[in-house]
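Have a look at the structure below before the remarks.
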Number of protein chains: 2
Amino acid sequence: MNILFWLKEPEKHFPPHQELKHFRDGVCVQYIGEKSGLSQSTISQYLSMMQKAGLVILTRHGKWTYYKRDEKLIKKYIAHLKSHL
Amino acid sequence: MNILFWLKEPEKHFPPHQELKHFRDGVCVQYIGEKSGLSQSTISQYLSMMQKAGLVILTRHGKWTYYKRDEKLIKKYIAHLKSHL
DNA sequence: TCTACATTTCGGTAATTATCAAAATGTTAT
DNA sequence: ATAACATTTTGATAATTACCGAAATGTAGA
């Protein structure tokens with residue numbers, strides 16, 4: 001949940017990327033890991049699970065992997081909760 | 001989640017109570033337990049946790065304990081998810 | 001192709017969670 | 001006050017989860 005929240009407004013929660021301006025493809029794993037306080041391997045696993053689940057979109061640029069929100073499923077999930085909770 | 005969903009429309013998911021008409025105060029622990037397939041003690045614990053969390057309202061009538069949804073917190077929770085997810 | 005660095009995968013362990021059966025407690029009617 | 005039944009509490013265990021460090025893999029540039 002925190003990760004999704006942070007990724008809503010990357011510029012508020014992460015240092016700017018030099019390579020890729022304006023967080024076009026989201027935030028790199030390193031930054032998300034630092035912010036979360038979890039180990040690199042753990043955050044990598046989390047993100048990859050979230051990606052498989054369809055919550056985030058992965059874009060690779062060179063050595064870096066960027067993640068951004070996949071709004072479609074997130075919306076769907078909230079709608080589901082709204083009708084089933 | 002299932003419990004909250006069932007309690008949305010008790011008449012659709014539970015047999016009618018004789019004592020208390022129209023599910024005024026919700027559904028008794030026994031029925032919820034049967035529906036869930038969990039043991040009596042487990043369901044009792046769940047419901048009591050949910051009550052402490054503010055998701056359901058407990059009403060005792062004689063030997064029976066009835067639970068119904070507490071819409072206030074449920075709404076609040078969905079709103080929270082909507083803005084933080 | 002070798003080095004440096006980013007990320008992922010693997011294998012393990014500690015902590016947490018789900019669940020139950022048995023014992024305890026509440027409640028009503030006799 | 002006691003029997004009968006509903007519910008809660010307790011104590012336990014199996015299953016799952018969170019998390020890490022180390023090894024493996026991917027990638028760009030010298």
Side-chain angles (χ1 to χ4, degrees), chain A residues 1-7 10 13-70 77 81 84-85, chain B residues 1-7 10 13-70 77 81 84-85:
Chain A
M1 268 197 73
N2 280 342
I3 294 170
L4 289 180
F5 181 65
W6 297 331
L7 290 180
H13 300 282
F14 300 99
H17 292 145
Q18 291 137 350
E19 326 287 326
L20 225 55
K21 295 293 174 199
H22 305 309
F23 302 102
R24 188 161 36 91
D25 293 318
V27 179
C28 69
V29 177
Q30 234 191 341
Y31 285 173
I32 302 175
E34 279 166 17
K35 178 97 183 172
S36 73
L38 299 169
S39 80
Q40 235 291 314
S41 64
T42 301
I43 207 65
S44 170
Q45 279 176 98
Y46 277 15
L47 288 168
S48 115
M49 285 186 239
M50 289 168 76
Q51 194 249 314
K52 273 171 202 134
L55 290 165
V56 291
I57 294 166
L58 173 161
T59 312
R60 186 129 201 182
H61 286 282
K63 315 195 237 189
W64 292 279
T65 308
Y66 297 85
Y67 283 101
K68 67 177 168 191
R69 295 161 53 95
D70 191 339
Y77 179 56
L81 285 180
H84 283 252
L85 209 72
Chain B
M1 267 196 73
N2 280 343
I3 293 170
L4 289 179
F5 181 65
W6 296 331
L7 289 179
H13 300 283
F14 300 98
H17 291 147
Q18 292 137 347
E19 327 284 329
L20 225 57
K21 296 293 174 199
H22 306 309
F23 301 102
R24 187 159 40 89
D25 292 319
V27 180
C28 69
V29 177
Q30 232 191 344
Y31 285 174
I32 303 175
E34 279 165 17
K35 179 97 185 171
S36 73
L38 299 168
S39 81
Q40 235 291 315
S41 64
T42 301
I43 206 66
S44 170
Q45 277 177 100
Y46 276 15
L47 289 168
S48 116
M49 285 187 238
M50 290 170 75
Q51 194 248 314
K52 272 171 202 134
L55 291 165
V56 290
I57 294 166
L58 173 160
T59 312
R60 188 129 200 183
H61 284 283
K63 316 196 237 190
W64 291 280
T65 308
Y66 298 84
Y67 283 100
K68 66 179 169 191
R69 294 159 55 93
D70 191 340
Y77 180 55
L81 286 178
H84 283 251
L85 208 73

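All chains are named by letter (A, B, ...) in the order of the sequence lines, taking the proteins before the strands, and each is independently numbered beginning at 1.
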For A:Q45, what residues pass the side chain to side chain contact (heavy atoms under 4.5 Å, CB included) criterion, not counting sequence neighbours? A:M49

If every non-hydrogen atom of B:S36 is compared with every non-hydrogen atom of B:I43, which pair is closest and at what distance? OG-CD1, 3.6 Å

Residue pair B:L47 / B:L58, side-chain heavy-atom distance below 4.5 Å: no

Exactly one of B:D25, B:V29, B:V56 clears side chain to side chain contact (heavy atoms under 4.5 Å, CB included) with B:Y66, and that residue is B:D25

Please list, chain by chain and in numerical order, all residues satisfying side chain to side chain contact (heavy atoms under 4.5 Å, CB included) with A:K35, sequence neighbours excluded. A:W6, A:H13, A:F14

The criterion is side chain to side chain contact (heavy atoms under 4.5 Å, CB included); which residues satisfy it with B:I57, sequence neighbours excluded? B:T59, B:K68, B:D70

Relative orientation of the end axes in the helix from C:dT1-D:dA30 to C:dT30-D:dA1, expressed as an angle to the nearest 10° (five pairs per end): 20°

Contact boundaries on DNA chain C for chain A, cut-off under 4.0 Å to non-hydrogen atoms: C:dC5 to C:dC10

Protein proximity profile, nucleotides 1-16 of chain D - base contact B, sugar-phosphate-only contact S, no contact -, cut-off 4.0 Å on heavy atoms: ----SSBBBB------

Starting at CG of A:L81, measure out to CE of B:M1 and round the result to the nearest 0.5 Å. 5.0 Å

To the nearest 0.5 Å, tell me how far A:Y46 OH sits from A:N2 CG. 11.0 Å

Measuring from A:Y67:OH to A:I32:CD1, what's the distance to the nearest 0.5 Å? 8.0 Å

Over all atoms of both residues, closest heavy-atom pair of B:L4 and B:R69: O-NH1, 2.7 Å

